[in-house]
Amino acid sequence: MTEDRKIPQHVAIIMDGNGRWAKKRGLPRTMGHAQGARTVEQILEDADHMGIRYLTVYAFSTENWSRPDSEVKALMNLLRKYMKTSLAKCAKNNVRIRVIGDKSRLDKDLQESIAYLEEQTRTNTGIGFQIAINYGSRDEMRRAVARIAEEVKEGNIDPSGITEEMIGRYLDTGGIPDPDLLIRTCGEERISNFLLWQIAYSELYFTDKAWPDFDKAELEKAIDAYNHRERRFGGLTE
Ligand code: FPP
């Protein structure tokens with residue numbers, strides 16, 4: 001580990017391969033998700049120790065509702081459990097939680113535990129942990145556009161005054177800097193409707209490791225690769 005390497009401020013992760021990880025071991029897919037949830041907790045801790053300021057993970061997409069009922073239920077139960085048990089840990093580690101996505105379609109009790117956890121961790125000053133649940137980037141943009149249109153209708157915003165910065169503020173990630181690095185696990189090289197607006201200039205890193213096998217060493221590898229990229233944001237090198 002070199003001392004002068006840059007640590008990305010914000011890392012986003014598409015956690016793929018829970019199902020394949022389980023299948024390879026002759027286990028039900030839900031066991032893959034359970035192991036994946038453990039990986040999330042460990043990586044959050046590792047990211048924090050490494051000095052990453054924001055971590056955003058894709059836990060459940062707007063498209064994931066089409067999976068078998070039993071799998072949707074298992075994923076929701078994992079998230080339910082996470083919301084219930086993580087408060088003590090967040091308090092101890094100063095983690096601030098935000099759920100991004102359309103929460104209105106989630107069960108009432110889950111919505112309530114999310115609201116409680118967000119409220120209880122709101123003033124924490126450590127790593128910001130964003131969990132995307134019932135999230136789709138196009139849906140997020142649709143909701144943002146609808147809210148801006150409402151403001152225009154009310155006469156609070158003039159259409160000519162709509163800036164990119166303003167649109168960013170209306171997204172679920174409003175106030176959070178864009179990801180510097182986006183990681184996707186398990187060999188797929190697509191974005192799958194994740195943070196389309198926010199990753200305009202992010203570096204992309206793909207690994208063959210399935211999410212349940214992703215660990216600190218893998219995160220280090222991704223950060224090393226990030227350090228070998230030259231970020232130009234559309235400009236020229238000096
Ligand atoms: C992709 O694997 C993973 C998901 C759809 C769910 C991710 C959820 C978790 C890791 C658990 C809960 C998260 C938290 C924050 C506690 P896949 O099922 O698409 O795998 P496959 O492509 O191999 O079938």
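Atoms within each ligand, like the ligands themselves, are counted from 1 in listed order. Everything quoted here is computed from the prediction, not taken from an experiment.
Applying the salt bridge (charged side-chain N to carboxylate O under 4.0 Å, His left out) rule to pairs touching residues 31-43 yields Glu41-Lys89, sequence neighbours excluded. Screening residues 151-163 for salt bridge (charged side-chain N to carboxylate O under 4.0 Å, His left out), with sequence neighbours left out, gives Glu150-Lys153.
Checking side-chain atoms of Arg147 against main-chain N and O of Tyr170 turns up a donor-acceptor pair under 3.5 Å.
With hydrogens and angles left out, the side-chain atoms of Asp213 and Trp21 include a donor and acceptor closer than 3.5 Å. Side-chain contact annotation: Asp107 with Gln111, donor-acceptor N/O pair under 3.5 Å absent.
Considering only residues two or more places apart in sequence or on other chains, Asp180 meets the salt bridge (charged side-chain N to carboxylate O under 4.0 Å, His left out) condition with Arg231.
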Give a table of atom pairs where an N or O of ligand 1 lies under 3.5 Å from a protein N or O.
residue: ligand 1; atom: 2 (O); partner: Gly17; partner atom: N; Å: 3.4
residue: ligand 1; atom: 2 (O); partner: Asn18; partner atom: N; Å: 3.3
residue: ligand 1; atom: 18 (O); partner: Arg29; partner atom: NH2; Å: 2.9
residue: ligand 1; atom: 18 (O); partner: Arg67; partner atom: NH1; Å: 2.8
residue: ligand 1; atom: 19 (O); partner: Asp16; partner atom: OD1; Å: 3.4
residue: ligand 1; atom: 19 (O); partner: Arg67; partner atom: NH2; Å: 2.8
residue: ligand 1; atom: 20 (O); partner: Gly17; partner atom: N; Å: 3.4
residue: ligand 1; atom: 20 (O); partner: Asn18; partner atom: N; Å: 3.2
residue: ligand 1; atom: 20 (O); partner: Gly19; partner atom: N; Å: 3.0
residue: ligand 1; atom: 22 (O); partner: Asp16; partner atom: OD1; Å: 3.1
residue: ligand 1; atom: 22 (O); partner: Arg20; partner atom: NE; Å: 3.4
residue: ligand 1; atom: 22 (O); partner: Arg20; partner atom: NH2; Å: 2.9
residue: ligand 1; atom: 23 (O); partner: Gly19; partner atom: N; Å: 3.4
residue: ligand 1; atom: 23 (O); partner: Arg20; partner atom: N; Å: 2.7
residue: ligand 1; atom: 23 (O); partner: Arg20; partner atom: NE; Å: 2.7
residue: ligand 1; atom: 24 (O); partner: Arg29; partner atom: NH1; Å: 3.0
residue: ligand 1; atom: 24 (O); partner: Arg29; partner atom: NH2; Å: 3.1

